[in-house]
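Before any comments, here is the structure.
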Amino acid sequence: MAWIELHQTLPTHRKIMKLRRILKIKTPQAVGHVAMLWLWSIDNAPDGDLSKVDVEDIAEACEWSRNAATFVDAMKEAGLIDADMKLHDWDEYTGGLMEKREDRRKKDRERQARYRAKKAAQKAAKAGGEEHRDPAPPPPPQTPQEPPQAPEEAQDAPPSKAMQAAAAVGRPELAATVDPNLGKVMTFYLNRVNGAPSHTSIEELGSFVGDIDADVIIKAMEYAIDEHKTSWSYIKATLQAYRRRGIRTLTDLQRANDEHQRAKQRQEDTRNAKNRRAAPGGGARPPDTDPLKGFHTED
């Protein structure tokens, strides 16, 4: 799980106080912007180097809605970003995390190397055996057998496509090796929904890719964020509903929402017919501003 040190003295630190004065904001907002930059950098700039990141991206990561250059200049003037656009003292805060990540990657590489070597040895042994193999003796009489055991190589099985796509998030050198749709979905999930997902949620999320377009899966996650219901169980239930209804594309999702809106309007018309007194504000509720949202969630 990704983490970063956050000391209890941060709100009163002189750099936070200076940032607050420069930007004319309150302490909670200053602390929030800094914390969001640090958390975003763990995945997107793990070495703390922001020199290749646009100031607009930095401001967006911190949810600063005003002038991006002014915000970055203030961070530099406050001493939170160095003149060379590196996060100040970044290694002191994330050294442990980076070491753990590198250790995990090293173990993954070693495990995959062992798996490939074992498969190559088995293939070579099989090829050699077939050249010199004597005729096979007749099979012995069948006797009760113990339940078959999992093959030994299963212990060193390579990671699934979904796990590979998740591992490639934030690592451009691996992005080209994974399925683009899987990569798109995993990038959104890890960066916007859950930065430390479980193995199960990654595998289950990957299972929807192919059945449902990546853009539709991302729409479902956006709705979950809007509803403040970002648990995997909620997102999974939404995607299962899409699958049951045969919703694969954004066009399918639009059609389902239109049908949902028409059904709601018919119910509203029926209620109004039974009660002629208009409710405060009167009239039917206007449709959601997002034309694709609605059929799987209720306000």
side-chain contact (heavy atoms from CB on, under 4.5 Å) between His33 and Gln29: does it pass, once the steps are laid out?
CA-CA 6 Å; His33 289 316; Gln29 186 178 354; 3.2 Å; yes
Mind checking the CZ-CE spacing from Arg192 to Met221? Nearest 0.5 Å is all I need.
9.5 Å
Rounded to the nearest 0.5 Å, what's the gap from CE on Met186 to CE on Met163? Could you check?
8.5 Å
Flag side-chain contact, heavy atom, 4.5 Å: Gln112 against Pro159
yes
With side chains defined as the heavy atoms from C-beta onward, is the minimum distance between Leu253 and Asn257 less than 4.5 Å?
no
Can you tell me how far CH2 of Trp40 sits from CG of Asn191, rounded to the nearest 0.5 angstrom?
9.5 Å
Looking at Asp269 and Arg266, does any basic side-chain N land under 4.0 Å from a carboxylate oxygen?
no
In short, Ile16 meets Val31 closest at the heavy-atom pair CG2-CG2, 4.0 Å
When every non-hydrogen atom of Arg243 is compared with those of Phe208, the smallest separation belongs to NH2-CD2, 3.3 Å
Side-chain touch Ile247/Ile212, heavy atoms, less than 4.5 angstrom:
no
Any sub-3.5 Å donor-acceptor pair from Trp38's side-chain atoms to Trp90's backbone N or O?
no
Please report the interatomic distance CD1(Ile22) to CG(Asp73), rounded to the nearest 0.5 Å.
9.5 Å
Where do Leu37 and Met75 land on the side-chain contact (heavy atoms from CB on, under 4.5 Å) test, with the steps shown first?
CA-CA 10 Å; Leu37 177 60; Met75 295 285 278; 3.3 Å; yes
Is there a side-chain contact between Asn194 and Thr230, using heavy atoms and a 4.5 Å cut-off?
no
Looking only at heavy atoms, which two atoms of Gly183 and Val178 are closest? And how far apart?
CA-CG2, 4.4 Å
Kindly compute the distance separating CZ (Phe71) from CG (Leu19), expressed to the nearest 0.5 Å.
6.5 Å
side-chain contact (heavy atoms from CB on, under 4.5 Å) between Leu205 and Val185: does it pass, once the steps are laid out?
CA-CA 8 Å; Leu205 177 59; Val185 168; 3.7 Å; yes
Does the pair Val216 and Asp252 meet the rule for a side-chain contact (heavy atoms from CB on, under 4.5 Å), with working shown?
CA-CA 9 Å; Val216 177; Asp252 296 335; over 6 Å; no
Atom CZ in Arg255, atom CG in Asp258: separation rounded to 0.5 Å?
9.0 Å
Does any non-hydrogen side-chain atom of Val72 lie less than 4.5 Å from one of Leu50?
no
Answer yes or no: is there a side-chain heavy-atom contact under 4.5 Å between Trp232 and Thr200?
no
Asp47 side-chain N/O to Asp49 backbone N/O, donor-acceptor pair under 3.5 Å:
yes
Do Lys229 and Thr238 come within less than 4.5 Å of each other through their side chains, counting heavy atoms only?
no
Using only atom types and a distance under 3.5 Å, with no angle test, would you say the side chain of Lys15 pairs donor to acceptor with the backbone of Gly79?
yes
Minimum heavy-atom distance between Ala168 and Leu174, given as atom pair plus value
CB-CB, 3.8 Å
Under the side-chain hydrogen bond (donor to acceptor under 3.5 Å, both in side chains) definition, can you give me all pairs with a residue in residues 164-187, not counting sequence neighbours?
Arg171-Glu173, Lys184-Asp215
Sequence neighbours left out, what pairs pass side-chain hydrogen bond (donor to acceptor under 3.5 Å, both in side chains) with at least one residue falling in residues 74-85?
Asp82-His88
Measuring only between side-chain heavy atoms, which start at C-beta, is Arg244 closer than 4.5 Å to Gln240?
yes
